[in-house]
Amino acid sequence: MTPSAVSIVNVTKSFGEKFALRDVSLELAAGTFNVLLGPSGSGKTTLLRCLAGIERPTAGTITIGDQVVCSDHTVVGPEKRHLSMVFQDYALWPHLTVRQNVGYPLASSKWSKTERAARVNDLLERVGIAHLAERYPNELSGGEQQRVALARALSADVGLILFDEPLSNLDADRREQLRIEIATLTRESGATAVYITHDQSEAFALADRVGVLRSGQLVQFGTPEEIYQRPADAFVAHFTGVSGEFAVERFTRQTEELVEVTLPFAPEHRIVASVPQPLADGAPASLFVRAAGVALSEQAGEDGLHGTVLDAAFTGRGYEHVVELAPRMTLTKVFSERRFERGTAVGLTLDPRSCFLMLNENERN
Amino acid sequence: MSLPQSPRRLGQRPITRTFVTRSLRTLRPRVRLGSITVWVVLLLLIVIPVGGFLLVAVSPRLFNVGPQWFTLSTIRTTFTGYTRKGILDSLFVATLASLIAVTVATTLAWLVQRTNIWGRRVWSGAMWLLLLVPTWMTTLGWIDVIQPGELGTAVGIHTLFLYHHFFGPDGIVFVLSTAALPFSYFVISVAMRGLGSEFEDAARVHGASRWRTIRTVLPIIAPALLSAFAISFAESMSDFGVAFTLGSAAHFPIATYVLFNAIYSFPANFQVAAVIAAVLILSTIPPVYLQSRVMRGRSFAVLSGRSKGVRRHQFSTKMRVLVTIGVALVMFLVLGLPLLGAVASSFTNTASLVTPTGIHWTLAAYRQVFSTPPSFTPLGPPLLTSNELGLITATITAVLALVLAKRLASRTSGLAQRIMDSFLLGSVAVPGIVLGIGYIFFYDQRFITEHVIDLYETMPLLIMGLVASATPGQARLLTGPVAQLQSTMSEAARVHGASRFRTWRTTTMPLLSRAVVWAWLLTFTKTISELAIAQILYQPGHEPVSVDIETYLGTIFATIGSAATVLTLVEMLGVIVLVLGLYRLVTPGGWRRLGEARNA
């Protein structure tokens with residue numbers, strides 16, 4: 001099956017007076033793995049259901065491959081969109097065995113019975129549940145059920161596969177394992193993938209492209225690196241992980257993309273930060289610091305910043321610290337291979353590439 | 001007991017569709033055709049006949065049964081004398097019977113669900129059987145036990161004292177309690193099963209005594225207890241079988257029988273009947289609503305999902321033997337004994353079981369039941385009629401109830417859905433006798449028979465009444481399984497290429513099949529044993545079996561009545577076994593595992 005490009009143009013969906021999606025436009029290249037990231041209520045599930053044909057948009061056009069599946073005049077039923085889907089609750093049919101569940105999408109294909117059986121066996125082998133083929137869903141663990149759902153989605157050999165937060169019900173170990181399998185098997189299938197999640201690390205690990213949604217609107221769409229290094233606004237920065245956010249007293253430009261920042265609680269220090277989006281001089285701004293760009297030391301760093309360790313948590317490969325810079329001004333998840341005890345005075349060094357100066361979120365709203 | 005025949009109306013006209021088409025034209029286009037159809041069906045089946053009949057209480061002129069356009073005098077007269085006594089008697093026996101049923105059911109449910117007594121599946125099965133046995137059968141069975149000269153006498157017990165008590169409030173409360181017992185038992189059993197052991201454990205580890213633990217844990221199932229009481233009360237208030245078989249002879253009038261008498265006395269008093277009908281409905285609505293409100297906020301499924309497996313209380317061997325014998329005795333008393341009485345009586349052909357020359361066992365009653373004794377109808381044709389009625393009613397009800405259940409279970413709780421929910425809840429509280437009389441009253445109106453359709457004393461009207469009676473309850477019963485069906489089940493099928501029909505055939509139908517089969521069986525058996533609507537709406541010459549058996553009561557042909565009762569019960573059980581057997585044979589293994597998995 002040829003992978004399907006997807007075009008979403010000005011899609012709006014409202015439930016009564018409440019808008020779940022507002023004018024969302026998105027172009028997904030064929031064969032790419034796309035992740036829609038957003039908090040609860042951001043509209044990502046609604047967008048996925050509109051793509052699947054389970055929900056009908058109030059307005060807008062959706063094209064899958066060269067088929068317009070939804071417009072003001074056309075609505076193509078889910079079964080004719082040539083896609084498959086992995087549901088959050090797995091949606092396995094409890095009265096069918098694993099083999100029957102996986103083979104379900106093939107029933108309406110033109111394949112012979114032998115070919116279908118071979119494909120089902122092959123898929124069960126690939127997702128590692130061939131030995132469970134004759135079991136019923138309620139006899140499987142959560143991880144095994146999700147593998148069945150994945151195999152079912154892959155069995156259809158379609159151009160587009162949708163994933164509705166498929167890992168959200170699994171524990172951390174299984175989530176990691178299945179994430180890798182989803183990434184590998186989906187890419188092997190060659191299909192275009194649309195995957196929704198609220199977990200930024202999952203999104204970055206899986207995606208070729210990430211779209212960030214907020215309150216029914218697409219805020220940013222780009223590669224994981226673009227999203228992480230050049231967030232469109234404070235919301236995206238926050239949602240993709242910041243260690244701390246501090247209102248800025250004043251800033252002076254060094255270059256077009258670098259500024260020197262002064263924080264109210266440390267007026268004697270200068271912090272160099274990048275400006276990922278245009279920002280007018282004198283505009284009310286905040287400094288956003290990613291945890292990855294903070295280094296701890298026993299003495300004050302080049303920026304002269306220092307603080308006190310409030311907490312240190314062992315994470316296996318090192319320690320994550322909470323450091324207080326001033327009363328109620330903290331940086332969280334600051335990593336160090338060595339442990340700094342609670343109450344210890346530490347120096348901090350900030351990497352300008354992990355420090356963003358952006359318009360205050362409140363101002364943007 | 002046969003009913004006076006009403007004169008046939010003349011001037012029958014073909015069915016017109018004026019009402020339907022006019023409604024469709026005037027409604028806003030966004031209102032769906034399906035919704036309109038459902039509401040039209042419900043209006044014709046329940047709202048208009050029952051509502052019209054109730055209006056007579058205050059506006060007799062509206063239907064030409066009195067001179068006044070508006071009056072409250074009938075309401076005042078109804079609450080005096082005999083009718084007042086009937087209403088108060090009903091409230092008294094229904095309350096007492098419900099309290100007894102809930103108490104016994106709680107004890108039995110705890111013993112069966114939460115202890116290690118023997119024969120737990122047998123006792124649960126016996127409860128199903130008790131649910132299927134109508135009150136008039138139980139009453140006739142008991143008469144065959146305690147009437148002097150019957151089974152009691154045969155085993156050497158002097159039953160005259162019991163016999164006198166049976167024909168009075170004691171007997172009525174007893175039979176109504178046994179009838180309400182399975183309803184309470186099933187509601188409380190679900191709660192007991194869902195109540196994980198951790199609640200008991202938490203109480204015990206924090207120092208609670210055994211008694212304090214019970215007091216702590218019982219409020220968790222309080223909604224189920226209230227629910228059980230509400231259902232038992234509504235069932236007892238609206239019961240007609242006991243009223244008809246026992247109430248009249250007991251000189252202890254109860255409301256349903258007084259209502260029946262008001263219509264079938266001469267001249268018929270529709271106004272008083274309408275007031276009693278309103279009282280019956282009003283008295284059963286509050287407990288049914290209370291139950292609904294209480295259950296709405298408390299999902300036992302959620303409790304069950306989070307709870308650990310139920311740990312059974314382990315009786316010592318001695319206690320286990322004693323308790324099991326106790327449960328067996330209770331079940332024998334409420335179910336075994338009346339059935340045994342009917343069976344014993346059916347194998348004799350004498351005026352009483354015990355005669356001066358001993359007991360004469362014979363199969364004569366079973367032979368006679370299929371022959372034609374003078375002035376009596378043989379069992380064959382009525383049994384066939386009842387089976388036809390059961391088949392048609394159960395099938396229509398299953399379809400209609402499924403459609404309604406789907407609407408009720410819909411995630412979008414719009415105004416129309418809330419209205420339908422309240423309406424169906426209210427309809428559950430409409431006793432069969434009120435429906436029957438509402439039908440006979442409304443569909444016999446001259447403007448209907450002469451200008452719309454003459455359904456009076458026809459089989460379609462009886463079927464309509466039976467469907468109207470069964471649908472609200474079955475719709476609410478099916479709402480549970482339909483609501484449990486995650487929407488992603490069918491969404492997954494559609495997304496993976498299945499058409500609407502294939503989605504329904506391969507996902508929805510298998511997942512609901514067991515519930516629908518049980519709804520069908522329950523409606524089928526209840527239709528065969530139904531007495532109130534059948535007695536009022538049957539087509540002359542085509543008596544259903546329940547009406548036919550009633551004609552033997554208190555006559556020298558009573559043994560034939562017993563044989564007919566036994567055969568009817570056996571036939572009903574036979575159909576259940578046959579249908580479940582067929583279901584097992586024709587459905588794939590996965591379909592049948594669903595219920596088992598849920599029970600595990």
Side-chain angles (χ1 to χ4, degrees), chain A residues 15-16 45 48-49 51-55 69 76-110 134-140 148-149 151-158 160-166, chain B residues 30 32 301 304-306 309 410-418 481-517 583-584 586-600:
Chain A
F15 296 99
T45 300
L48 197 79
R49 289 168 67 85
L51 267 176
I54 300 166
E55 296 284 355
V69 292
V76 176
E79 72 275 19
K80 292 181 180 149
R81 295 190 178 199
H82 307 297
L83 50 83
S84 62
M85 184 164 170
V86 178
F87 288 79
Q88 186 175 17
D89 63 356
Y90 318 139
L92 300 178
W93 300 294
H95 59 296
L96 302 181
T97 61
V98 166
R99 184 185 299 285
Q100 289 167 328
N101 264 287
V102 174
Y104 190 94
L106 300 175
S108 46
S109 71
K110 288 172 184 166
E134 304 311 323
R135 296 233 187 129
Y136 287 92
N138 67 341
E139 295 168 337
L140 308 178
V148 180
R152 180 176 69 182
L154 293 170
S155 78
D157 192 27
V158 291
L160 175 64
I161 304 178
L162 310 177
F163 296 87
D164 182 5
E165 302 205 46
Chain B
R30 73 190 181 88
R32 287 185 188 170
S304 171
R306 286 178 188 158
S410 157
R411 302 289 190 276
T412 52
S413 55
L415 181 65
Q417 189 195 341
R418 285 203 298 276
V482 172
Q484 277 183 339
L485 203 64
Q486 294 290 314
S487 59
T488 50
M489 293 283 105
S490 50
E491 287 166 7
R494 293 294 303 281
V495 162
H496 290 106
S499 63
R500 275 177 198 279
F501 177 69
R502 185 174 168 233
T503 300
W504 182 83
R505 183 174 59 78
T506 55
T507 64
T508 312
M509 190 176 75
L511 297 173
L512 288 178
S513 63
R514 186 183 276 260
V516 173
V517 165
Y583 179 76
R584 208 177 167 74
V586 300
T587 55
W591 293 28
R592 298 193 302 276
R593 293 187 80 265
L594 295 172
E596 288 161 21
R598 207 171 290 134
N599 290 336

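Each chain gets a letter, A, B and so on, in the order the sequences are listed, and its residues count up from 1.
- Only the side chain of A:I54 has a heavy atom closer than 4.5 Å to any heavy atom of chain B.
- Between B:H496 and A:S155, every side-chain heavy-atom pair lies at or beyond the 4.5 Å cut-off.
- Of all heavy-atom pairs spanning A:E79 and B:S499, the tightest one is OE2-CA, 4.0 Å.
- In terms of heavy-atom proximity, B:A498 sits nearest to A:Y104 at CB-OH, 3.5 Å.
- More than 12 heavy atoms of other residues, nucleotides or ligands shown are found within 6.0 angstrom of CZ on B:R505.
- Between B:E491 and A:R49, at least one side-chain nitrogen of the basic residue sits less than 4.0 Å from a carboxylate oxygen of the acidic one, meeting the salt-bridge criterion.
- Atom OH in A:Y90 sits 12.0 Å away from atom OG1 in B:T488 (nearest 0.5 Å).
- Considering all non-hydrogen atoms of both residues, A:G77 and B:R494 come closest at CA-NH2, 4.2 Å.
- A:L92 touches chain B through its backbone: at least one of N, CA, C or O sits under 4.5 Å from a heavy atom, while the side chain does not.
- Most heavy-atom pairs under 4.5 Å with chain B: of the set A:R81, A:K80, A:R152, A:Q100, this distinction falls to A:R152.
- Between the A:H95 side chain and the B:T506 main chain, a donor and an acceptor come within less than 3.5 Å of each other.
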